Colleague: 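One structure follows; several queries about it will come next.
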There are 2 protein chains.
Amino acid sequence: MADSELPTRPKPEETPAAAPAAEGETKNASKNAAKKAAKEKAKAEKAAARAAQEKAQAAAQEANDTAKGLYGVLPETEDVISTTRFSHLTEDSYEKEVTVVARVDNARVQSAKLAFLMLRQQGQKVQAVIAAHEPISRQMIKYTGGLNVNSIVQVTGVVKKPEIPISSATIQHLELHIRKVYMISEAAQMLPMQVKDAERPPPTEEKEGEGEVDESGAPIVTLKTRLDNRVLDLQTETSQAITWISSGVAELFAEYMIKSGSRWIFTPKLVGAATEGGSNVFEVKYFKRTGYLAQSPQLYKQMCIAGDMENVFEIAPVFRAEDSNTHRHLTEFAGLDFEKTFEKHYHEVLEFAEDLLVFILSQLKARYAPQIATIQKSYPKAGDFKLPKDGKALRLNYMDGVALLKEAGVDMSEQERFENDFTTAMEKQLGQIIREKYDTDFYVLDKFPMAVRPFYTKADPKDARFSNSYDFFMRGEEIMSGAQRINDIKELEESMRSKGLDPTQEGFEDYLNAFRQGCPPHAGGGLGMNRIVMFFLGLPNVRLASLFPRDPQRLRP
Amino acid sequence: MADSELPTRPKPEETPAAAPAAEGETKNASKNAAKKAAKEKAKAEKAAARAAQEKAQAAAQEANDTAKGLYGVLPETEDVISTTRFSHLTEDSYEKEVTVVARVDNARVQSAKLAFLMLRQQGQKVQAVIAAHEPISRQMIKYTGGLNVNSIVQVTGVVKKPEIPISSATIQHLELHIRKVYMISEAAQMLPMQVKDAERPPPTEEKEGEGEVDESGAPIVTLKTRLDNRVLDLQTETSQAITWISSGVAELFAEYMIKSGSRWIFTPKLVGAATEGGSNVFEVKYFKRTGYLAQSPQLYKQMCIAGDMENVFEIAPVFRAEDSNTHRHLTEFAGLDFEKTFEKHYHEVLEFAEDLLVFILSQLKARYAPQIATIQKSYPKAGDFKLPKDGKALRLNYMDGVALLKEAGVDMSEQERFENDFTTAMEKQLGQIIREKYDTDFYVLDKFPMAVRPFYTKADPKDARFSNSYDFFMRGEEIMSGAQRINDIKELEESMRSKGLDPTQEGFEDYLNAFRQGCPPHAGGGLGMNRIVMFFLGLPNVRLASLFPRDPQRLRP
């Protein structure tokens, strides 16, 4: 049986004994067989006659067609045709014949003798022209100009310099003069939305009346329509670029972690107890029991540290059953987690994490400049992401943040009394203050009040009101939370009780045993990949930074 | 609120209005307060008196202790002591003072003047000795020899050459003469199993009577005990090495894919319909609906291809609600998936995948030789994993496999009639035949009968009884299944119907629309990471190749 593919049928020895077929079935089925067969025979004869007629007509037309074999169904050939990527087309290609495989972004018959195709490859667009001259026939021009939008075609043609740049193409300084055009995969005539309409950003606030047009008369495609038709939406230049940035964040995270000697771990997502905070956990039917989906790898990555793994990371989905319908909440997102022992002070790990983020964000700029430029065309509002000039993260204490906001006239009394963490609005305002004062969109707050952190957080040994914990921010929004963890069993049990948790509760046993058996001092953090992409690019909605987003309302596609 | 960390408490603006406290609570609680307080006061006074007495005794003893401050609680110091890793200890370290942080693998008092520690660091062991001479006191020797096994200690000492190699240590040519020993994290006195007992492989068949001893008198630790106490089990040298190999497989997979220009994708694990084969799917309570856990990223990675992503890969958990209790089935495992377009023939992708496996397996040998050697000490039976000498995978057709087995006298009539795939026993026997004939433990079977493959598999255009699909094998066990996929909507719907599936069934809509909108030819495959580790190393059970394994019986730790 297949391992990671979809299961097909079980191996013979794994098949449970088949239930005997119900006897009635075959008897009843044969009753009306004769009647049915006669009807179907007559039907088939009619269809055959019609098909023969159509074939004869087509043959007559084909006999007159000088372009026979140059278009339509791809001829079977043993020659492997090497195709050219749009990104490899340059001025050196002028007057050369190339073969490309691309989508029809648009097809238009200008006259009986002239048609245009706009071809699209991963968002890039090249214009192709077909004009009547031997052997290209009017039939071939009609076929080409009538191609269904979004079909995938193989086009052979000569690259020419156009008289004026093709303003509607992304590659404007060349066009393709078509010699052959074959269908690779035909799209249906009616699509739920046009990819070219989804190239424009969605309206910022979802408005009533989908299908309406903007000032220029172009249809407005809402975020909902895009996400409902995500496969089409992924074909836009902007989506192509965003998915590259997501890929890049994961790659850069793994690269940095591996270079540091960290071990890649895979902790279970199916867990036996809802230890991580009751109502926000998804319940799973696990055979005859109830299981849960892990809300984070927190407890397990700490158990790996207790298992002497010293430096570990994980890249895996994180599940939150939170009924939050906001622009930045998903019920499933990609978590980038790490956990690490240290020698003397948790700042060793904090600095490691700060350098990680500076590495990811600066390398994104270095490796994905074209993609970033593409995305900024659609989402210019946030502007370039500012990194600290000296390559070191800006680190402030939580109370410095409180002071900055107070200075700006914000009522911080609840925060000064450690009753509450910052509100989202406070965080955003602090982001602006820090950008103005320190010229950076990435910064770290250290030393959060113990009252607002989870039970496993280590208190500051010098001032128990605070903790050895930190949050990372991009453009004033949190992308990572982390801390030194309590590694002493007594301290841990005490902390649980002080937070109203019962250490003897079912499900905590394995976690707590890890500390009873000795565990080195350690710290770590968890990043939200989709949020990094969102805030780095200044996207208005985290759903744009997820391939197939999940929220309380959305479980498809 | 934290993103990827465990949620703590919601932001103030996200807090639902708190329910008023039940009034009765406080009234009843204060009733017996006076009585209780009096009792507790008396108790506290007693405890204080006892503590004072103990303190006085300890002080008297301490006053006589010449080693005061050299052991026990780690003194707070601003000096960052740089510690040495066991792996950096060499003959150059002789006569030098080093500081190490390690676990106590064993502690033994020889006499009032002499004690031994076996120290362990990620499975590596070094012996440490403490002998009475100024300033080391008898108290310090007693403390050191009495340390709880598995505690983490910081030891400073001088590296010496022992008179004879320390046979019980893994680093045998040196020992540490202790000068200081401090507690970093104390382990409980009683552990559910000893790490040193788990260093020996588990009994091959689970026997009754846990806690029994083997011929040498050493306790037998069953697989169940190990997995129940996985954090301790991870501390063994063998587990440390296996987790490095797992990490390596994921790393090498990502490395190869990224080098090929592939995009890293994260497809949803929460899905809206059980399209992937009914009863083997886990059900999730998704707010007010029912959701399911994805059994593979199959449909989604194909939708990414339809979304013009061309070359994608995913590293993510795969969930199977199969009630299979075998040595090689897990309900959750790490899937390594890829999907890729091709120009002319699916063998372009097949060759890409063959080279991927040769890369992973040969690089494991190159980069993880010490870990492989460690594991072979415990699991020598399978022997070295044999790779094809010329660096190219051996590829046979499915029917060649049938012929080889028939030649060996196996009844292959069901397989010749395409009624069934190979049984597991047949696969294993074929593995042996191929090893003898071709001298390789890795090989590929191509062209499986269409009857035994899933609906989305492309039939062989030259012989519809077969399909453009392949399985990869290691030591006669399947580690990957893959195929060219049908990319034409009509062909796909027909294939579904011929397999008894209804294309109009809820949940298939988004998948099928992807093909209605045009999709390029593509192929791919899905690897089981844990199985690669298991078969590469010749481990007897896949649970040994999973950090915290999940099976129908096991949902913890």
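Remember, it's a predicted structure, so these values are computed and weren't measured experimentally. In what follows, chains carry the letters A, B, and so on, assigned in the order in which the sequence lines appear, proteins first and then strands, with residues in each chain numbered from 1.
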Colleague: So, taking the atom named CD in A:Glu283 and the one named OH in B:Tyr286, what distance separates them when rounded to the nearest 0.5 Å?
Modeller: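 Answer rounded to 0.5 Å: 15.0 Å.
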Colleague: Give the minimum heavy-atom separation between B:Ser82 and A:Glu343, together with the two atoms involved.
Modeller: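 So the minimum-distance heavy-atom pair works out to CA-OE1, 3.8 Å.
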Colleague: Measure the shortest side-chain to side-chain distance between A:Arg556 and B:Pro268 over non-hydrogen atoms and say whether it is less than 4.5 angstrom.
Modeller: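 When only atoms from C-beta onward are counted, B:Pro268 and A:Arg556 do not touch, as no gap falls below 4.5 Å.
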Colleague: For a 4.5 angstrom cut-off between non-hydrogen side-chain atoms, does A:Arg103 reach B:Pro520?
Modeller: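 Yes. Closest side-chain heavy atoms under 4.5 Å.
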Colleague: Donor-acceptor pair, distance only, cut-off 3.5 Å: does the side chain of A:Gln122 make one with the backbone of B:Asp308?
Modeller: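 Yes; at least one donor-acceptor contact below 3.5 Å.
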Colleague: For the atom pair CE (A:Met309) and CD (B:Gln240), what is the distance rounded to the nearest 0.5 Å?
Modeller: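 Answer rounded to 0.5 Å: 6.5 Å.
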Colleague: Apply side chain to side chain contact (heavy atoms under 4.5 Å, CB included) to residues A:Trp264 and B:Val249 and explain how you reach the verdict.
Modeller: CA-CA 9 Å; A:Trp264 198 333; B:Val249 171; over 6 Å; no
Colleague: Among B:Arg554, B:Lys285, B:His345, single out the residue with the greatest number of heavy-atom pairs under 4.5 Å to chain A.
Modeller: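 When all of B:Arg554, B:Lys285, B:His345 are compared, B:Lys285 has the most.
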Colleague: Do A:Phe548 and B:Asp510 have side chains that get closer than 4.5 Å, going by heavy atoms?
Modeller: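 No, side chains not in contact.
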Colleague: Looking at A:Leu232, A:Ile184, A:Asn487, which one has more heavy-atom pairs under 4.5 Å with chain B than the rest?
Modeller: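 Ranked by heavy-atom pairs under 4.5 Å with chain B, first place is A:Leu232.
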Colleague: With a 4.5 Å limit on heavy-atom distance, are the side chains of A:Lys269 and B:Glu332 in contact?
Modeller: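 In contact.
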Colleague: Starting from the C-alpha separation in whole Å, work towards a yes-or-no answer on side chain to side chain contact (heavy atoms under 4.5 Å, CB included) for A:Val101 and B:Thr341.
Modeller: CA-CA 11 Å; A:Val101 173; B:Thr341 57; over 6 Å; no
Colleague: Would you find a donor on one side and an acceptor on the other, under 3.5 Å apart, between the side chain of B:Ser247 and the backbone of A:Arg263?
Modeller: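 Such a contact is absent between B:Ser247 side chain and A:Arg263 backbone.
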Colleague: Measuring heavy-atom distances to chain A, does B:Ile152 have an atom under 4.5 Å in its side chain, in its backbone, in both, or in neither?
Modeller: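 For B:Ile152, side-chain heavy atoms alone lie under 4.5 Å from chain A.
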Colleague: Can you tell which part of B:Glu477 gets under 4.5 Å to a heavy atom of chain A, answering side chain, backbone, both or neither?
Modeller: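 Contact with chain A involves no heavy atom of B:Glu477 at all.
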Colleague: Before you tell me yes or no, could you show the steps for B:Phe319 and A:Val284 under side chain to side chain contact (heavy atoms under 4.5 Å, CB included), namely the whole-Å CA-CA distance, both residues' side-chain angles and the distance that decides it to 0.1 Å?
Modeller: CA-CA 11 Å; B:Phe319 304 97; A:Val284 181; over 6 Å; no
Colleague: Given A:Leu547 and B:Tyr300, is the side chain to side chain contact (heavy atoms under 4.5 Å, CB included) satisfied, shown in steps?
Modeller: CA-CA 9 Å; A:Leu547 269 179; B:Tyr300 284 96; over 6 Å; no
Colleague: Please state whether the side chain, the backbone, both or neither of A:Ala306 comes within less than 4.5 Å of a heavy atom of chain B.
Modeller: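 Both parts, backbone and side chain.
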Colleague: Strictly distance-based, threshold 3.5 Å: is any side-chain N or O of B:Ser185 a donor or acceptor partner for the main-chain N or O of A:Gly518?
Modeller: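 No, the answer is negative, given that no donor and acceptor are paired below the 3.5 Å cut-off.
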Colleague: Would you confirm whether the ring centroid of A:Phe287 sits within less than 6.0 angstrom of the ring centroid of B:Phe282?
Modeller: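 Yes: the rings meet the under 6.0 Å criterion.
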Colleague: With only heavy atoms counted, which part of B:Ile258 is less than 4.5 Å from chain A, the side chain, the backbone, both or neither?
Modeller: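 The side chain, not the backbone.
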Colleague: Indicate the atoms forming the closest heavy-atom contact of B:Leu191 with A:Gln517, along with that distance.
Modeller: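 Reported closest heavy-atom pair: CD2-CG, 3.6 Å.
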Colleague: Heavy-atom distance under 4.5 Å to chain A: side chain of B:Glu186, backbone, both or neither?
Modeller: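 Answer is backbone: N, CA, C or O of B:Glu186 sit under 4.5 Å from chain A.
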Colleague: For B:Asn513, is it the side chain, the backbone, both or neither that has a heavy atom under 4.5 Å from a heavy atom of chain A?
Modeller: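 Neither part.
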Colleague: Between A:Arg230 and chain B, with a heavy-atom cut-off of 4.5 Å, which part of the residue counts as in contact: side chain, backbone, both or neither?
Modeller: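 Neither part; nothing is under 4.5 Å.
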Colleague: Heavy-atom distances under 4.5 Å only: say whether B:Thr290 touches chain A with side chain, backbone, both or neither.
Modeller: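 Backbone of B:Thr290 only, per the 4.5 Å heavy-atom cut-off to chain A.
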Colleague: Work out which heavy atom in A:Arg550 is nearest to a heavy atom in B:Leu270; give both atom names and the distance.
Modeller: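 Residues A:Arg550 and B:Leu270, closest heavy atoms: NE-O, 2.6 Å.
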Colleague: Would you mind checking which part of B:Asn150 comes under 4.5 Å of any heavy atom in chain A, side chain (CB onward), backbone (N, CA, C, O), both or neither?
Modeller: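 Both backbone and side chain.
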Colleague: Side chain from CB out, backbone as N, CA, C, O: work out which of these in A:Asp228 comes under 4.5 Å of a heavy atom of chain B, or both, or neither.
Modeller: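 Just the backbone, heavy atoms under 4.5 Å.
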Colleague: Which one wins on heavy-atom pair count under 4.5 Å against chain B: A:Phe313, A:Phe266, A:Tyr511?
Modeller: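 That would be A:Phe266.
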Colleague: Under 4.5 Å from any heavy atom of chain A, what part of B:Tyr292 do you find: side chain, backbone, both or neither?
Modeller: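 Nothing of B:Tyr292, per the 4.5 Å heavy-atom cut-off to chain A.
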Colleague: So which of A:Ala514, A:Ala250, A:Gly272 has the largest heavy-atom pair count under 4.5 angstrom toward chain B?
Modeller: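 Most pairs with chain B among the choices: A:Ala250.
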Colleague: Less than 4.5 Å to any heavy atom of chain B: does that hold for the side chain of A:Pro192, its backbone, both, or neither?
Modeller: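 Just its side chain gets close to chain B.
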Colleague: Under 4.5 Å, counting heavy-atom pairs only, tell me which of A:Cys519, A:Pro461, A:Ala188 racks up the most with chain B.
Modeller: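 Greatest number of close heavy-atom pairs with chain B: A:Cys519.
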